[in-house]
S.K.: 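Mind looking over this structure? Questions follow.
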Amino acid sequence: MSSKVIYEGWMVRYGRRKIGRSFIHMRYFVLESRLLAYYKRKPQDNQVPIKTMLIDGNCRVEDRGLKTHHGHMVYVLSVYNKKEKYHRITMAAFNIQEALIWKEKIELVIDQFMQHQGSEVSNGNRYTSFEYKSGMDNGRTASSSDHESQFSAQEDEDDAAHPNLLRRTTIGNGPPESIFDWTREIDSDLSNQNINNQAFSRKLWRLLQCQNGLRIFEELLEVEYLPRSCSRAMKAVGVVEASCEQIFELVMSMDGTRFEWDCSFQYGSLVEEVDGHTAILYHRLQLDWFPMAVWPRDLCYVRYWRRNDDGSYVVLFRSREHENCGPQPGYVRAHVESGGFNISPLKPRNGRPRTQVQHLMQIDLKGWGVGYVSSFQQHCLLQMLNSVAGLREWFAQSDERNAPPRIPVMVNMASASVSSHKNQKLHEPSVHFDSSANRNSVMIDEYSDEDEEFQIAEAEQEAYRNGQENEMKKIEEEPTVQIDLSCFSGNLRHDDRDNARDCWKISEGNNFRVRSKHFCYDKSKIPAGKHLMDLVAVDWFKDTKRMDHVARRQGCAAQVASEKGLFSFIVNLQVPGSTHYSMVFYFVTKELVPGSLLQRFVDGDDDFRNSRLKLIPSVPKGSWIVRQSVGSTPCLLGKAVDCNYIRGPKYLEIDVDIGSSTVANGVLGLVVGVITTLVVDMAFLVQANSTDELPERLIGAVRVSHIELKSAIVPKLEPDPS
């Protein structure tokens, strides 16, 4: 095993002792080609590390986000082996850029191991995994946080599955050409990539006015009911000469610096730190519309943030009630329906970084002023959106100006005497957002299309001249084997009408874009076309415990298919909570084509399956904050959440434990609360990584519309023989 040093430097050891108190220590970390270790000081003369961890294909890097420790905020990463989750190394940085570098370097080592393992497996050799080992330093063993005591293990279970879902840990992260959200609608060209997500289109926004160097847009969206006091969503778009990290850290701060760029800010404090990407905040607005006659407004809202693979940042807001943040005397509690910032990098100009900042807000200011004076709402909303101009001017004051604090500053509401419940616990996960809000898209894996390298022979590049239209025609003209669908049934109703509720229907394959035959050369994508398998039934279950191996249920679609000699591909999306839910999709085909990518996936090992099973999500109808959180970027499910594969004689069931990821679980906190208002598309496929596997084909795709929680039933599962 090579001992080549990949990266090294001082980082913060962050953890929680058995009694529950957190700690931070400066430690020197060294990443080698197969090993991560840390020392008390820079190692010399074969010094034994305090702790070592072997890096292999089962390792994951979790993005724990920002954590507060005695007023210091650190950006936390957790490295663990998913087969031994209680053995982990948790590290942190005061600088978000440094944490991102470490994350990238560790993931590079993991990817290199996976590639090496894949080549060995292809040669008939099976790689043997190593065990963890703990070093000793001056007779001391590694800290209790690394061994994970009974108490800290629970904290890690709540906190740790905080993946930055798109490479391995942040929801909705993806390369620029794969991001389809409101931040790119106005400026993007009419290219093929713009039709990847039907949920976003140019008609949703109208330019309302230009002021202070900003473009102000109003959302053109039909809604069934909009209170008189609630404005339509508006956003301000401007360019700031600063890096995304500088702007992000300024936006996240609630200290005195904010007075210099946000004219609507009066006071802000932390109510509860849900996790590293989600917090409950209290915010007082400084609105200058007849302040002698109109009461001031304040807010209590959830703030969630994520970092995308292209270096952009998303910060989302939404109001909510909190027991430690009740109505304040002399203030009217306004309600933010949706809002936030999208901070995206632009090409530098004259050697200076440039960033596009978009600030969106849809708010109900409440009170008499809104109802009687129509100009009140728009005046105040424009005042808040003008903060983008404030950011631009703040960074333009001087080229030599010192960068803002890299770690956001936040006072705690309990110590600020704003809440009347000072003795309440402020660091326990909230009931409705008990995991995370990003965090950036349900199950959007940070492992993006553009992160992969392909070995391409030069002679093969001649094939690039072939048109993609011919490729699509070939797919569409393939003969299909008709299956009698009348014998299959699930408890969730099938309805093909556009406005149907509490039902499912098959989603058109061309709504999704997949890797083309020439993806290795130009990263191009094409409409997916016909599905490889038929979606025959959907079940919607609930129970007091998690429902595993649902294919054993008597009379289910998989068993009916088996009796008819058909093969079933079953996806069981497991939604955790006080009541556990499972949505089960049954895809059926006559037989698997020997040697096909799908057949290799079905009969492969779990490591291969985890590296290939891909989900493409979309929310054609839903609130802005949900559309942003879910996103539309493909993700590898096995690298984002835990997947359990059950291979039966005539089926493969995949139990997708969304509760294993704090990120995905947090997005569900948003989704479940408004699930009856959502239309969600999901496409499942096996990722193609080489020219002989391309183009990609969908296993199947489904659209679920306006699902009711009460329509779920308790299944009668046979005892699991295993």
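This is a predicted model, so every value here is computed, not measured.
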S.K.: Of all heavy-atom pairs between P620 and D681, which one has the smallest distance, and what is that distance?
M.R.: CG-OD2, 3.5 Å
S.K.: For side-chain contact (heavy atoms from CB on, under 4.5 Å), just list the numbers for I216 and L207, CA-CA rounded to whole Å, side-chain angles, deciding distance to a tenth of an Å, and then say yes or no.
M.R.: CA-CA 6 Å; I216 309 294; L207 181 63; 5.8 Å; no
S.K.: Check the pair E272 / H322 against side-chain contact (heavy atoms from CB on, under 4.5 Å), numbers first and verdict last.
M.R.: CA-CA 9 Å; E272 176 184 338; H322 194 281; 2.5 Å; yes
S.K.: Whether the side chain of R303 engages the backbone of M252 through a donor-acceptor N/O pair (distance < 3.5 Å, no angle test) should be reported.
M.R.: yes
S.K.: Taking side-chain hydrogen bond (donor to acceptor under 3.5 Å, both in side chains) as the criterion, tell me which of Q209, Q378, K235, R206 meets it with E218.
M.R.: R206
S.K.: With sequence neighbours left out, write down each residue that passes side-chain contact (heavy atoms from CB on, under 4.5 Å) with L678, or none if nothing qualifies.
M.R.: V619, V626, V671, V674, V680
S.K.: Restricting to non-hydrogen atoms, name the atom on S705 and the atom on R703 that form the minimum distance, rounded to 0.1 Å.
M.R.: OG-CG, 3.9 Å
S.K.: Is the shortest heavy-atom distance from the side chain of M254 to the side chain of L270 under 4.5 Å?
M.R.: no
S.K.: Check the side chains of N308 and Y313 for a donor-acceptor pair under 3.5 angstrom, ignoring hydrogens and angles.
M.R.: no
S.K.: Test side-chain contact (heavy atoms from CB on, under 4.5 Å) on H706 and I675; report intermediate values, then the result.
M.R.: CA-CA 6 Å; H706 307 289; I675 192 170; over 6 Å; no
S.K.: Can a donor-acceptor pair be found, under 3.5 Å and without considering hydrogens, that links the side chain of E393 to the backbone of G390?
M.R.: no
S.K.: For the pair S312 (side chain) and S344 (backbone), establish whether a donor and an acceptor sit closer than 3.5 Å, ignoring hydrogens and angles.
M.R.: no
S.K.: Sub-3.5 Å donor-acceptor pair from the side chain of T676 to the main-chain atoms of I707, do we have one?
M.R.: no
S.K.: Return the minimal non-hydrogen interatomic distance between Y75 and A99, and the atom names on each side.
M.R.: CD2-CB, 3.2 Å
S.K.: Within the side chain of N350, is there an N or O that forms a donor-acceptor pair under 3.5 Å with the backbone of R352?
M.R.: no
S.K.: Hydrogens and angles aside, do Q266 and Q286 bring a side-chain donor and acceptor to less than 3.5 Å of each other?
M.R.: yes
S.K.: Quick one: closest heavy-atom pair of V302 and T278, and the distance?
M.R.: CG1-CG2, 3.7 Å
S.K.: With a 4.5 Å cut-off on side-chain heavy atoms, are R64 and L77 touching?
M.R.: no
S.K.: Determine whether the side chains of E219 and W205 contain a donor N or O and an acceptor N or O closer than 3.5 Å.
M.R.: no
S.K.: Centres of the F265 and H283 rings: under 6.0 Å?
M.R.: yes
S.K.: Please round to the nearest 0.5 Å and tell me the distance separating atom CG of N212 and atom CG of L385.
M.R.: 11.0 Å
S.K.: Do the side chains of R392 and E241 get close enough for a salt bridge, i.e. N-O under 4.0 angstrom?
M.R.: no
S.K.: Out of curiosity, I616 CD1 to T633 OG1, how far, rounded to the nearest 0.5 Å?
M.R.: 10.0 Å
S.K.: Side chains of S387 and H359, heavy atoms from C-beta outward: is any pair under 4.5 Å?
M.R.: yes
S.K.: For the CD1 atom of I247 and the CH2 atom of W261, what is their distance to the nearest 0.5 Å?
M.R.: 10.0 Å
S.K.: Give a yes or no on whether the backbone of L316 and the side-chain of R318 come within a donor-acceptor separation of less than 3.5 Å.
M.R.: no
S.K.: Looking at every heavy atom in both L391 and V357, which two are closest together, and how far apart are they?
M.R.: CD1-CG1, 4.2 Å
S.K.: Are any of the side-chain nitrogens in R333 or D298 under 4.0 Å away from the carboxylate oxygens of its partner?
M.R.: yes
S.K.: Is there a side-chain contact between L709 and Y581 in this structure, where contact means two heavy atoms from C-beta onward sitting under 4.5 Å apart?
M.R.: yes
S.K.: Sub-3.5 Å donor-acceptor pair from the side chain of D364 to the main-chain atoms of H335, do we have one?
M.R.: no
S.K.: Determine yes or no for a side-chain-to-main-chain donor-acceptor pair under 3.5 angstrom, with R354 supplying the side chain and R349 the backbone.
M.R.: no
S.K.: Give the C-alpha distance, both sets of side-chain angles, the deciding distance and a yes or no for side-chain contact (heavy atoms from CB on, under 4.5 Å) between N386 and L214.
M.R.: CA-CA 8 Å; N386 266 327; L214 308 178; 3.8 Å; yes
S.K.: Just verifying a value: how many Å separate Q328 CD and C300 SG, rounded to the nearest 0.5 Å?
M.R.: 9.0 Å
S.K.: For a 4.5 angstrom cut-off between non-hydrogen side-chain atoms, does V251 reach D262?
M.R.: no
S.K.: Indicate whether the side chain of E260 and that of T257 have a donor and an acceptor atom separated by less than 3.5 Å.
M.R.: no
S.K.: Quick one: SG on C325 to CZ on R320, what's the gap to the nearest 0.5 Å?
M.R.: 10.0 Å
S.K.: So which heavy atom on F217 is nearest to which on R215, and how close?
M.R.: CE1-CB, 3.6 Å
S.K.: Below 4.5 Å, heavy atoms only, C-beta onward: do P345 and C244 meet side chain to side chain?
M.R.: yes
S.K.: Mind checking what makes ring-ring contact (aromatic ring centres under 6.0 Å, His included) contact with Y331, not counting sequence neighbours?
M.R.: none
S.K.: Are R284 and Y267 in a cation-pi contact, defined as NZ or CZ under 6.0 Å from the six-membered ring centre and within 45° of the axis?
M.R.: yes
S.K.: In the structure I gave you, are the side-chain heavy atoms of M583 and V575 within less than 4.5 Å of one another anywhere?
M.R.: no
S.K.: Taking the side chain as every heavy atom from C-beta outward, state whether Q362 and V336 have any pair of such atoms under 4.5 Å apart.
M.R.: no
S.K.: Nearest 0.5 Å, what's the OG-CZ distance between S338 and R627?
M.R.: 8.5 Å
S.K.: Check for me whether the distance between the ring centres of F248 and W305 falls short of 6.0 Å.
M.R.: yes
